[in-house]
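Only one structure is covered here, and it is reproduced in the block below.
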Amino acid sequence: MDREVEIDKGSNKYLEWSETLHEDNEFITYTEWGYSNEINLGSGIDDDIEHIIKIKKNHLKELTFEKLIFVLKNLNSKLKINRFRSFLDNKKIKYDYQVW
């Protein structure tokens with residue numbers, strides 16, 4: 001059972017971004033991706049960034065894919081990744097967090 005839902009997507013004159021929630025047989029994965037040609041992060045630093053939160057389905061407790069969609073769509077866009085991590089921490093849900 002693979003499925004993916006777009007949580008948010010957009011762009012402005014500085015940044016293009018997207019957020020998705022993906023489910024497979026073992027994990028639910030939230031990905032927040034941003035890309036910019038306008039923001040100079042320094043030499044040798046890539047101009048895109050990806051935040052990934054990967055949750056084993058057996059760690060979800062009472063949460064479901066649909067409930068996580070609801071939570072993510074109702075979080076304020078600013079600092080969403082931090083608020084989502086706080087939500088998971090408060091629920092004592094283990095997850096793997098990566099930044100690329």
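Residues take their numbers from the sequence shown, with the count starting at 1. Quick note: numbers below take in every heavy atom, side chains included, and nothing from hydrogens, waters or symmetry partners.
Checked for salt-bridge contact, Glu32 and Lys80 miss the test: no charged N lies under 4.0 Å from a carboxylate O.
Here Glu6 pairs with nothing under the side chain to side chain donor-acceptor pair (under 3.5 Å) rule; sequence neighbours left out. Not counting sequence neighbours, the partners of Asp89 by the side chain to side chain donor-acceptor pair (under 3.5 Å) test are Tyr95. Judged as a side chain to side chain donor-acceptor pair (under 3.5 Å), and not counting sequence neighbours, the contacts of Glu66 are Arg3. With sequence neighbours excluded, the residues satisfying side chain to side chain donor-acceptor pair (under 3.5 Å) with Asp2 are His22.
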Run the side chain to side chain contact (heavy atoms under 4.5 Å, CB included) test on Ile49 and Val99 for me, step by step, so that the C-alpha distance in whole Å, both residues' side-chain angles and the decisive distance to 0.1 Å come before the verdict. CA-CA 7 Å; Ile49 189 164; Val99 179; 3.9 Å; yes
Walk me through whether Trp17 and Lys9 qualify under side chain to side chain contact (heavy atoms under 4.5 Å, CB included). CA-CA 6 Å; Trp17 69 88; Lys9 183 177 186 177; 5.6 Å; no
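The CG atom of Asn76 sits 12.0 Å away from the CG atom of Asn82 when rounded to the nearest 0.5 Å. Atom-to-atom distance recorded for Ser18:OG and Glu50:CD is 8.5 Å, nearest 0.5 angstrom. Note: Arg83 CZ to Asn74 CG = 13.0 Å, rounded to the nearest 0.5 Å. To the nearest 0.5 angstrom, Glu19 atom CD is 4.5 Å from Asp8 atom CG. Note that CG of Leu75 and CD1 of Ile81 are 10.0 Å apart. Values are rounded to the nearest 0.5 Å.
Listed by first then second residue, pairs satisfying side-chain hydrogen bond (donor to acceptor under 3.5 Å, both in side chains) with a partner in residues 53-64 read Glu23-Lys57, not counting sequence neighbours.
When side chains are defined from C-beta on, Ile93 counts as touching Ile55, because their heavy atoms get closer than 4.5 Å. Side-chain contact check for Leu60 versus Ile28: some heavy-atom pair is nearer than 4.5 Å.
Under the 4.5 Å side-chain contact rule for hydrophobic residues, Ile53 and Leu79 do not share a cluster. No continuous path of ILVMFWY side-chain contacts below 4.5 Å connects Leu63 to Phe27, so the two sit in separate hydrophobic clusters.
For the ring pair (Phe, Tyr, Trp, His ring centres under 6.0 Å) with Tyr30, the lone residue among Phe87, Phe84, Phe65 that qualifies is Phe84.
The environment of CZ in Phe70 is sparse: at most 12 heavy-atom neighbours from other residues, nucleotides or ligands sit within 6.0 Å.
Nearest heavy atoms, Leu21 versus Leu72: CD1-CD1, 3.9 Å.
Under a 4.5 Å side-chain heavy-atom cut-off, the cluster of Ile, Leu, Val, Met, Phe, Trp and Tyr residues that includes Trp100 is completed by Ile52.
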